Every structure is written in C-alpha cells, then in structure tokens.
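Index from 1, following the sequence. Source: prediction; values computed, not measured.
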Amino acid sequence: MLQADATLSQTELAERVGSSAASCWRRVRALEAAGVLGRTVRRVDRNQVGCPVDVICQVRLKSHEDQLGAAFERFVRQQPNILDCYSMSGDWDYLLRVVAADIADYERFLMRVLLRHEAVATASSHFALSCVKSETALPV
C-alpha cells in the first residue's frame with residue numbers, strides 16, 4: 001500500500017490492510033528500522049519542470065583501475081541530471097539515465113562534462129521516444 005501511496009495516514013493504511021493504526025505504526029517503524037522501507041519521496045513530472053528529454057547513456061571507462069572507477073562514481077553522484085547509474089557486466093561499464101531540457105542541453109553535458117571526465121573513454125547515447133512503463137513499486 002505504501003509503495004502505491006506513501007501519503008496514506010496510519011489510520012487509512014490500517015483500514016486498507018485490516019489492522020489497527022497502532023499495529024500499522026509499529027510495523028512501518030520496524031520496516032524502516034530494518035531498512036526495508038527507505039526515504040519517502042514524491043515523483044515529479046519531468047515534463048512539467050523542464051526536463052523532457054530522457055537519455056540512456058552507456059559509458060566505457062579507460063581502464064578498470066579502482067581509482068578511476070571510484071572517481072567516476074563520485075562524479076556521477078554529483079550530477080543532478082543523472083538520475084540512475086548502474087555498474088554493468090558486458091561490453092559497457094556503466095549505464096546512466098540522464099534527463100535534459102532539450103537535445104542541445106544533453107549535447108553540452110555529453111561533450112563538455114561527461115566525455116571530458118578523466119575516467120571516460122567513450123559513451124553511446126540512446127534517446128527515449130516515449131515512456132511505456134515507469135514503476136517504482138516492487139512486486140512484493
């Protein structure tokens with residue numbers, strides 16, 4: 001229930017799951033303490049805030065030295081336009097999801113920021129035409 005609507009009050013949550021508010025409150029607190037439930041956030045419509053371009057960018061590093069990888073990951077964490085970053089197996093080292101205001105904005109980021117990073121050898125960009133499915137809820 002909380003994955004679908006984190007704004008539910010303890011009373012509303014209890015009613016929906018057939019439990020008492022106190023019991024739900026204890027259960028939610030226990031799940032938070034165990035690390036099962038993380039921070040509560042609200043999803044923002046990227047089109048409404050000027051970030052309509054969604055890009056999947058594959059990145060290959062110059063080498064697999066620990067220092068270069070760590071430097072790249074620190075860099076990624078500092079970039080607000082990189083929403084997701086995965087360390088990958090296969091031909092590419094990282095997969096990034098980047099948002100931008102427009103194609104020119106992404107090109108500036110790619111050419112002036114990402115490709116100039118000391119660890120990056122090359123990158124390949126794929127522009128999303130539309131979003132077919134975007135979920136945050138896990139099938140539990």
Side-chain angles (χ1 to χ4, degrees):
M1 293 289 171
L2 290 176
Q3 285 190 98
D5 185 358
T7 65
L8 289 174
S9 69
Q10 294 300 327
T11 303
E12 291 171 315
L13 180 60
E15 288 174 7
R16 291 188 186 186
V17 299
S19 183
S20 71
S23 176
C24 271
W25 183 84
R26 284 191 300 274
R27 179 75 171 139
V28 168
R29 294 299 169 254
L31 290 169
E32 289 172 343
V36 174
L37 293 178
R39 62 191 171 109
T40 302
V41 299
R42 296 291 300 260
R43 293 184 73 171
V44 173
D45 183 326
R46 59 188 173 77
N47 293 306
Q48 295 290 323
V49 296
C51 299
V53 176
D54 204 359
V55 184
I56 303 302
C57 179
Q58 297 168 300
V59 175
R60 187 173 294 124
L61 300 185
K62 291 178 181 174
S63 80
H64 292 103
E65 294 176 23
D66 289 343
Q67 291 176 335
L68 278 182
F72 179 74
E73 290 179 13
R74 278 191 304 276
F75 159 80
V76 164
R77 288 186 190 98
Q78 296 170 355
Q79 303 303 313
N81 58 327
I82 298 176
L83 301 185
D84 298 300
C85 174
Y86 299 94
S87 174
M88 303 296 291
S89 64
D91 293 336
W92 296 92
D93 298 314
Y94 289 91
L95 181 94
L96 311 177
R97 181 168 158 248
V98 183
V99 293
D102 52 33
I103 302 297
D105 182 40
Y106 178 73
E107 181 186 22
R108 279 188 295 278
F109 169 74
L110 178 67
M111 302 304 287
R112 297 181 186 165
V113 180
L114 183 64
L115 291 176
R116 289 188 181 176
H117 189 277
E118 64 181 347
V120 176
T122 190
S124 177
S125 302
H126 308 272
F127 292 85
L129 300 177
S130 67
C131 180
V132 176
K133 182 178 180 179
S134 177
E135 291 291 333
T136 60
L138 296 174
V140 293

Could you tell me whether the side chain of Arg60 and the main chain of Trp92 form a donor-acceptor pair under 3.5 Å? no

State yes or no: do Leu96 and Ile103 share one hydrophobic cluster built from I, L, V, M, F, W and Y residues joined by side-chain heavy-atom distances below 4.5 Å, directly or via other members? yes

Mind checking whether Val113 and Leu83 sit in one hydrophobic cluster, side chains of I, L, V, M, F, W, Y counted as touching below 4.5 Å? no

Student check: side-chain heavy atoms of [X] and [Y] closer than 4.5 Å:
{"X": "Gln3", "Y": "Val140", "answer": "yes"}
{"X": "Glu118", "Y": "Leu68", "answer": "yes"}
{"X": "Leu114", "Y": "Val59", "answer": "yes"}
{"X": "Leu61", "Y": "Tyr94", "answer": "yes"}
{"X": "Arg42", "Y": "Thr7", "answer": "yes"}
{"X": "Arg27", "Y": "Cys24", "answer": "no"}

Closest heavy-atom pair and its distance - [X], [Y]:
{"X": "Ser125", "Y": "Cys57", "value": "OG-SG, 4.2 Å"}
{"X": "Pro52", "Y": "Gly50", "value": "CD-C, 3.2 Å"}
{"X": "Asp102", "Y": "Val53", "value": "CA-CG2, 3.5 Å"}

Considering residues, nucleotides and ligands other than Asp91, do more than 12 of their heavy atoms fall under 6.0 Å from its CG? no

Above 12 or not: heavy atoms from other molecules or residues under 6.0 Å from CG of Asp45? yes

Once you round to the nearest 0.5 Å, how far does [atom1] of [X] lie from [atom2] of [Y]?
{"X": "Gln79", "Y": "Arg77", "atom1": "CD", "atom2": "CZ", "result": "12.5 Å"}
{"X": "Ser124", "Y": "Ile56", "atom1": "OG", "atom2": "CD1", "result": "11.0 Å"}
{"X": "Arg46", "Y": "Asp54", "atom1": "CZ", "atom2": "CG", "result": "4.0 Å"}

Ring-plane angle category for Tyr106 and Phe127, please: parallel below 30°, perpendicular beyond 60°, tilted otherwise. perpendicular

Please state whether the rings of Phe72 and His117 are parallel, tilted or perpendicular, taking 30° and 60° as the class boundaries. perpendicular

With no hydrogens and no angle check, just 3.5 Å: does a side-chain donor-acceptor pair link Arg43 and Ser134? yes

Distance-only criterion, 3.5 Å: show the donor-acceptor pairs between side-chain atoms of residues 28-37 and protein atoms not counting sequence neighbours.
| residue | atom | partner | partner atom | Å |
| --- | --- | --- | --- | --- |
| Arg29 | NH1 | Glu32 | OE1 | 3.0 |
| Arg29 | NH1 | Glu32 | OE2 | 3.3 |

With sequence neighbours left out, what residues match Arg16 under salt bridge (Lys or Arg N to Asp or Glu O under 4.0 Å)? none

